[in-house]
Chemist: 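Before we start, here is the structure in question, set down as structure tokens.
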Amino acid sequence: MSQKDSFATYFHSRTKYDPDTIANIKGAMQGPQPELFKSYRLGSEVDLKPYLHESKVSPEASSEDRGWARLSHFLINVYGLTAQLKTQFGQAFYLRSAPSAGGLYPTELYLVSRGNQLLPAGLYNYQVRTHSLLRFWDDHVWQALQESCFWHPALEQTQLAMVLSTVFYRSAWRYQDRAYRRICLDAGHVLGNLELASALVDYRPHLIGGFADSALNQMLYLDESAESTLAVVALADLLQVEQNLSHSTTTQPARSQTDFPKVADGELLPYMHQVTCIEAQGDFRWQVRSPSLADQSSPNTEAVPDDKYNFPFCLRVPTVTSPINWDDRLQGLERTILRRRSTRRFSGANLTLDELNTVLDFVYQPHHYVEQGLDGDPDYFDLSLIQTFVAVSGVDSLDAGCYYYAPYKQEFRQIRFKNFRQELEYLCLGQALGRDAGAVIFHTADLQQAIARHGDRAYRYLHLDAGHLGQRINIAAVRLDLGVSGIGGFFDDQVNDVLGIPEDEAVLYITTLGRPADSV
């Protein structure tokens, strides 16, 4: 690889899994197993568990109780504990509403309050284990937040913001340097839940990806050698008319570092994060953003953008279908989020074409769900950079093979005719999930194009967005009683070769979709 390449490109290449070297990497855990919950020695705690009771959201409840209930339901849907398992050693292991690679949960959630009737001004950590908020700093920090986010317009009218950070070692303990990919995917899962959970309680999340990392870390009193912020979300309260805001752009670029020293194994992850960071200097401006996906119901067909890949003479299969019904007041959505689980084993039985189409409709056609109360144009960092390919092994009425999914035209475009079951098991590092799935969804991106637009920070944006998309796949699949599991470990280059995916598309994430084994 040329030294003229950016460090993000170099990092991606260095952290690829290869059949010849995977044995030296797999399972090479070092040091003590990380603690999965953050604790503070000082602070005041607000217990949110009582506010999960239905009486707290009834019309007879006080406005204060209803306010706490909204916040309590929001947080448990975003990242709360939803199940407890026993390990083979008899220890308790807790599952959360958002999936995490290896169950390591590197993401931490913070609330920043400007000061309102519920939360006095200050900094709060969401204590996942106890479903409570710990106020560990009781001073006005909103202006510092605004300065760190280069005065993003969503922070002018809102009173509450959420910051997603990551604790590096939680994932690096198991996945070494490649953990940076998984860290961002995991945070993307949380962003996916956050977007959907907001609709349940009349919040509108405004995503902010461009901020001065070090300034924000210092504001939150984070140890930058061990943890760092990844994303900021301004939470607009839609019950207050002044907080019904325009949608602004979400990203700012970092520089692209092409002159870098030789970095040893074990040091790639912290160096990668460092080069994705934005310094406080610079003239950054925010703009009102255009809709991320053209409304397919518009009679003006010229307004619909073209999809990236338009293969000549390929088989084209329409994917238009009816939206998922999320029940009155989205009650079905909340039940689905709280019962979401990653499937461990598929039966190998076929999916229906409508099931696959319905999952993709929920992920890529959010405007179909406006009437049910969901956001028809949710925030991402840069969805235009991400492409979707689907390897079909067992879908009724759809030939086996690899397809490009064209979200604007809502159709599959076939690339290769073949049943890839055995190859998919191999590509997913020998996991039977790849072999037994009815369909395997691949999210990819042209790294060079992304870095040209966003600098090395593009690597963070891409994986956060891929995780966000992956979580929407999870939620749709569980609602349809399908099995679903994300896979972040795969043979990178071989995926492109086997499936016929263009060489310039770097694979970001894989999601397997099938019939759960216990459903047969």
Side-chain angles (χ1 to χ4, degrees), residues 71 74-75 78-79 98 106-115 119 121-126 133 137 140-167 183-184 186-195 197-198 203-222 224 227-237 243 245-254 273 276-280 282 284-287 289 375 378-382 454 457-465 467-468:
L71 188 58
F74 172 67
L75 288 170
V78 172
Y79 205 41
T107 306
E108 285 286 332
L109 300 186
Y110 296 86
L111 285 179
V112 184
S113 176
R114 193 175 200 161
L119 296 176
L123 301 173
Y124 299 77
N125 176 259
Y126 177 46
L133 279 176
W137 187 253
H140 292 267
V141 295
W142 196 262
Q143 183 170 335
L145 176 65
Q146 289 178 291
E147 291 175 353
S148 298
C149 295
F150 310 121
W151 302 97
H152 191 282
L155 295 171
E156 294 179 10
Q157 299 296 328
T158 50
Q159 298 178 334
L160 199 62
M162 178 171 283
V163 180
L164 279 66
S165 75
T166 189
V167 181
I183 281 168
C184 293
D186 277 3
H189 296 149
V190 177
L191 289 175
N193 266 0
L194 193 154
E195 175 222 321
S198 293
Y203 290 156
R204 203 286 173 178
H206 292 265
L207 188 58
I208 305 171
F211 50 83
D213 297 73
S214 186
L216 197 55
N217 290 338
Q218 291 173 28
M219 188 195 82
L220 292 172
Y221 298 95
L222 301 184
E224 292 189 273
E227 52 188 338
S228 185
T229 49
L230 288 177
V232 179
V233 182
L235 291 174
D237 187 340
Q243 293 191 38
L245 309 174
S246 300
H247 301 175
S248 299
T249 51
T250 60
T251 64
Q252 297 292 354
H273 183 72
T276 68
C277 292
I278 297 175
E279 299 177 358
F284 296 110
R285 300 186 185 279
W286 303 98
Q287 299 174 341
R289 70 167 175 83
D375 192 337
D379 282 356
Y380 289 87
F381 295 107
D382 194 342
H454 299 294
R457 199 174 183 89
Y459 203 77
R460 188 192 301 190
Y461 294 151
L462 290 172
H463 285 83
L464 287 166
D465 277 350
H468 187 161

Chemist: Report yes or no: does Arg114 contribute a side-chain atom to a donor-acceptor pair with the main-chain N or O of Leu155 at less than 3.5 Å?
Modeler: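 Yes, Arg114 side chain to Leu155 backbone: donor-acceptor pair under 3.5 Å.
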
Chemist: Would you name the heavy atoms of Leu145 and Ala161 that are closest together and state the gap between them?
Modeler: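 Where Leu145 meets Ala161 most closely, the heavy atoms are CD2-CB, 3.7 Å.
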
Chemist: Do Leu109 and Leu164 have side chains that approach each other closer than 4.5 Å (heavy atoms only, starting at C-beta)?
Modeler: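 In contact.
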
Chemist: Check side chain to side chain contact (heavy atoms under 4.5 Å, CB included) between Pro253 and all other residues, then give those that pass, not counting sequence neighbours.
Modeler: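 Counting only residues at least two positions away or on another chain, Pro253 forms a side chain to side chain contact (heavy atoms under 4.5 Å, CB included) with Phe284.
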
Chemist: Rounded to the nearest 0.5 Å, what separates atom CD in Glu224 from atom CD in Gln218?
Modeler: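 One finds 6.0 Å between CD of Glu224 and CD of Gln218.
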
Chemist: What is the distance from atom CG of Leu160 to atom CD of Gln243, rounded to the nearest 0.5 Å?
Modeler: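 Those atoms lie 9.0 Å apart.
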
Chemist: Mind checking what makes side chain to side chain contact (heavy atoms under 4.5 Å, CB included) contact with Val141, not counting sequence neighbours?
Modeler: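 Scan of Val141 (side chain to side chain contact (heavy atoms under 4.5 Å, CB included), adjacent residues dropped) gives Val112, Leu123, Trp137, Met219.
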
Chemist: Hey, are the side chains of Tyr110 and Leu222 touching, using non-hydrogen atoms and a 4.5 Å cut-off?
Modeler: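 Contact flag for Tyr110/Leu222 side chains = yes.
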
Chemist: If you measure from CG on Leu191 to CZ on Phe381, what distance do you get to the nearest 0.5 Å?
Modeler: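 Leu191 CG to Phe381 CZ: 5.5 Å, rounded to 0.5 Å.
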
Chemist: What distance separates Asp186 CG from His463 NE2, expressed to the nearest 0.5 Å?
Modeler: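 The CG atom of Asp186 sits 11.5 Å away from the NE2 atom of His463.
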
Chemist: With Arg204, which residues qualify under side chain to side chain contact (heavy atoms under 4.5 Å, CB included), at least two apart?
Modeler: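 Checked Arg204 against side chain to side chain contact (heavy atoms under 4.5 Å, CB included); matches are His206, Ala236, Leu238, His247, Arg289, Asp375, Asp379.
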
Chemist: Measuring from atom CG of Asp382 to atom CG of Leu464, what distance do you get when rounded to the nearest 0.5 angstrom?
Modeler: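 Interatomic distance, Asp382 CG to Leu464 CG, rounded to 0.5 Å: 12.5 Å.
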
Chemist: With Gln159, which residues qualify under side-chain hydrogen bond (donor to acceptor under 3.5 Å, both in side chains), at least two apart?
Modeler: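 Partners of Gln159 by the side-chain hydrogen bond (donor to acceptor under 3.5 Å, both in side chains) criterion come out as none, since no residue qualifies.
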
Chemist: If you apply the rule side chain to side chain contact (heavy atoms under 4.5 Å, CB included), what do you find for Trp286 with Gln252, and how did you get there?
Modeler: CA-CA 8 Å; Trp286 303 98; Gln252 297 292 354; 3.5 Å; yes

Chemist: What residues, two or more places apart in sequence or in another chain, satisfy side chain to side chain contact (heavy atoms under 4.5 Å, CB included) together with Ala254?
Modeler: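 Only Ile278, Arg457 meet the side chain to side chain contact (heavy atoms under 4.5 Å, CB included) criterion with Ala254.
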
Chemist: Considering all heavy atoms of both residues, which atom of Met162 and which atom of Leu111 are nearest to each other, and what is their separation?
Modeler: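 Looking at all heavy atoms of both residues, the shortest contact is CE-CD2, 3.8 Å.
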
Chemist: Does Thr250 reach the side chain of Tyr461, with side-chain heavy atoms less than 4.5 Å apart?
Modeler: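 No. Closest side-chain heavy atoms not under 4.5 Å.
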
Chemist: Closest approach of Thr229 and Arg460, non-hydrogen atoms and distance?
Modeler: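 Smallest interatomic distance, heavy atoms only, reads O-NH1, 3.7 Å.
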
Chemist: Between the main-chain N or O of Gly209 and the side-chain N or O of Thr251, is there a donor-acceptor pair closer than 3.5 Å?
Modeler: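 Not confirmed, Thr251 side chain does not pair with Gly209 backbone.
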
Chemist: Would you say that His273 contacts Leu230 through its side chain, given a criterion of any heavy-atom pair below 4.5 Å between the two side chains?
Modeler: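 They are in side-chain contact.
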
Chemist: Taking all atoms of both residues into account, what is the closest heavy-atom pair of Glu108 and Asn125, and its distance?
Modeler: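 Smallest interatomic distance, heavy atoms only, reads OE1-ND2, 3.3 Å.
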
Chemist: Could you tell me whether the side chain of Ser113 and the main chain of Leu119 form a donor-acceptor pair under 3.5 Å?
Modeler: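 Flag set: sc Ser113 to bb Leu119 pair under 3.5 Å.
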
Chemist: Kindly give the heavy-atom pair with the smallest separation between Trp142 and Thr158, and that separation in Å.
Modeler: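 Taking every non-hydrogen atom into account, CZ2-O, 3.3 Å.
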
Chemist: Of all residues at least two apart in sequence or in a different chain, which pass the side-chain hydrogen bond (donor to acceptor under 3.5 Å, both in side chains) check with Glu147?
Modeler: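 By the side-chain hydrogen bond (donor to acceptor under 3.5 Å, both in side chains) rule, Glu147 matches Gln143.
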
Chemist: Mind checking whether Thr276 and Asp213 have side chains closer than 4.5 Å, heavy atoms only?
Modeler: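 With C-beta onward as the side chain, the pair stays apart.
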
Chemist: Does the ring centre of Phe74 sit less than 6.0 Å away from the ring centre of Tyr203?
Modeler: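 Yes, the ring of Tyr203 comes within the 6.0 Å limit of the ring of Phe74, centre to centre.
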
Chemist: Check step by step if side chain to side chain contact (heavy atoms under 4.5 Å, CB included) holds for Leu220 and Ser165.
Modeler: CA-CA 10 Å; Leu220 292 172; Ser165 75; 5.5 Å; no

Chemist: How long is the gap from OH on Tyr79 to NE2 on His189, to the nearest 0.5 Å?
Modeler: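 It comes to 11.0 Å.
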
